[in-house]
Chemist: 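Starting off with a structure, shown below.
Indexing begins at 1, ligand by ligand and atom by atom, following the structure's order. Nothing fancy with the numbering, it's 1 onward along the sequence.
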Amino acid sequence: MLKTIQKKIAAGVPLDRQEALWLLTEADFLEIGKLADGIRRQKHPEGRVTFVVDRNVNYTNVCESQCRFCAFYRQADAADAYLLDYETIHGKIAELVAFGGTQLLMQGGLHPRLKIEWFEELFAQIRERFPAVQIHSLSPAEVIHIARLSEISMAECLRRLQKAGLASVPGGGAEVLVDAVRKEISPNKIGWRDWAAVMEEAHALGMRTTATMMFGSRESPEDIVEHLYRVREIQGRSGGFTAFIPWTFQPTNTELGGETASGVEYLRVLALSRIVLDNVDNIQASWVTQGARMAQVALFFGANDLGGTMLEENVVAAAGCAFSLSQEEVVEIACGAGFIPARRNTLYEILEEY
Ligand code: SF4
């Protein structure tokens with residue numbers, strides 16, 4: 001099987017699901033790494049490893065979805081439930097700008113009262129006050145929730161948000177794009193087809209998005225493979241994904257509980273992502289869940305990007321995973337592994353090399 005796969009990759013022929021499953025479950029660990037590294041070298045021969053200076057602003061932790069894997073959400077009447085006001089959000093963005101940041105990743109829970117007007121006004125104000133910051137915000141589940149609350153279609157919701165200033169959409173909330181898994185880990189959340197529909201609509205409107213996968217909870221290896229092919233198929237139709245970001249479920253403080261995936265499992269899935277998603281340019285290493293050293297190893301298992309420096313991160317931190325890195329440390333990860341660190345914007349345009 002390995003020889004067939006090597007030949008197909010060398011000839012640029014896509015693998016089928018069975019071959020991908022074999023790589024994930026049976027191939028030698030270093031072999032799969034070598035294949036992914038070869039593709040990474042081909043796609044990024046300049047040897048750059050990129051990152052973006054960004055900030056996560058979690059505007060509310062009140063969420064109706066109550067996903068079983070999530071340690072971040074609160075019921076509306078909880079003592080520590082919050083909703084940030086515009087002024088507080090502006091203050092956080094001003095700090096981001098002072099750090100030379102270019103990307104605002106605003107995500108929250110599915111709040112029972114925040115309709116589209118709240119976001120339109122906020123985005124319009126941000127665009128006016130902080131024109132250098134790209135509003136890269138709201139996951140597909142939030143877009144659909146806002147549309148429902150506002151009694152408008154998802155497409156109209158996205159169009160209005162875009163007009164107000166939303167420039168691109170993060171692919172969060174994908175978890176695993178297989179409904180049987182979603183029913184178990186996030187029964188109240190949108191199904192995979194809705195996630196895909198938001199992404200395709202955003203792409204049709206000219207917005208670029210990312211795609212993610214959270215694995216290591218209740219999915220099977222077949223589900224992981226299916227997820228990757230679903231992302232690949234969407235990309236084949238729209239070409240709108242800038243990057244793919246696999247990350248591991250963090251069980252602490254969650255209803256689901258259990259263990260987190262091992263580093264080896266993480267690297268295997270990362271490498272498989274690089275191999276299957278031959279039509280997605282960038283694969284991101286998740287230092288937030290893996291830490292700096294593992295992120296460095298990930299650069300030899302297919303990753304070419306270290307994501308955001310994240311001036312603030314609350315969601316994964318709520319699940320007891322609190323890696324944090326300064327821009328200098330992110331540069332050091334790339335340098336230490338023999339790459340050229342480069343700061344990029346949301347669209348992966350290079351702003352500065354180090
Ligand atoms: S993962 Fe998102 S949608 Fe699910 S409960 Fe947490 S905040 Fe809500």
Chemist: N/O/S atom of Cys63 under 2.8 Å from atom 8 (Fe) of ligand 1, yes or no?
Modeler: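 Within the cut-off used here (under 2.8 Å), Cys63 does place an N, O or S atom near atom 8 (Fe) of ligand 1.
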Chemist: Tell me, please, if Cys67 has any N/O/S atom, main chain or side chain, under 2.8 Å from atom 4 (Fe) of ligand 1?
Modeler: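 Yes - counting backbone and side chain alike, Cys67 has an N, O or S atom under 2.8 Å.
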Chemist: Considering only protein heavy atoms, which is closest to atom 6 (Fe) of ligand 1, and at what distance to one decimal place?
Modeler: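 Heavy-atom neighbour on the protein nearest atom 6 (Fe) of ligand 1: Cys70 SG, 2.4 Å.
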Chemist: Ring-plane angle category for Trp195 and Phe241, please: parallel below 30°, perpendicular beyond 60°, tilted otherwise.
Modeler: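 Parallel.
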Chemist: When you measure from atom 2 (Fe) of ligand 1 to every protein heavy atom, which one gives the shortest distance, and what is it?
Modeler: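 Scanning the protein heavy atoms, the shortest distance from atom 2 (Fe) of ligand 1 goes to Lys189 NZ, 3.9 Å.
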Chemist: At a 4.0 Å threshold, what atoms of ligand 1 neighbour a non-hydrogen atom of Phe69?
Modeler: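 Result: 1 (S).
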Chemist: Do Tyr354 and Leu306 sit in the same hydrophobic cluster, where Ile, Leu, Val, Met, Phe, Trp and Tyr count as joined when their side-chain heavy atoms come under 4.5 Å apart?
Modeler: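 Yes: a chain of side-chain contacts under 4.5 Å links Tyr354 to Leu306.
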Chemist: To the closest 0.5 Å, what do you measure between CD1 (Ile275) and CD1 (Ile283)?
Modeler: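 Here the interatomic distance stands at 10.0 Å.
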Chemist: Are Phe300 and Trp287 connected in a single hydrophobic cluster, I mean Ile/Leu/Val/Met/Phe/Trp/Tyr linked by side-chain heavy atoms less than 4.5 Å apart?
Modeler: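 In one cluster: yes.
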Chemist: Could you tell me, atom by atom, which parts of ligand 1 come under 4.0 Å of a heavy atom of Tyr73?
Modeler: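 Counting atoms of ligand 1 from 1, those under 4.0 Å from Tyr73 are 5 (S).
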Chemist: Would a hydrophobic clustering, with Ile, Leu, Val, Met, Phe, Trp and Tyr connected at side-chain separations under 4.5 Å, put Phe244 with Met207?
Modeler: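 Looking at the clustering, Met207 is in the same group as Phe244.
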Chemist: Side chain, backbone, both or neither: which part of Gln66 has a heavy atom under 4.0 Å from ligand 1?
Modeler: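 Backbone only.
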Chemist: Do the ring planes of Trp118 and Tyr59 sit parallel (below 30°), tilted (30 to 60°) or perpendicular (above 60°)?
Modeler: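 Rings of Trp118 and Tyr59: tilted, 30 to 60°.
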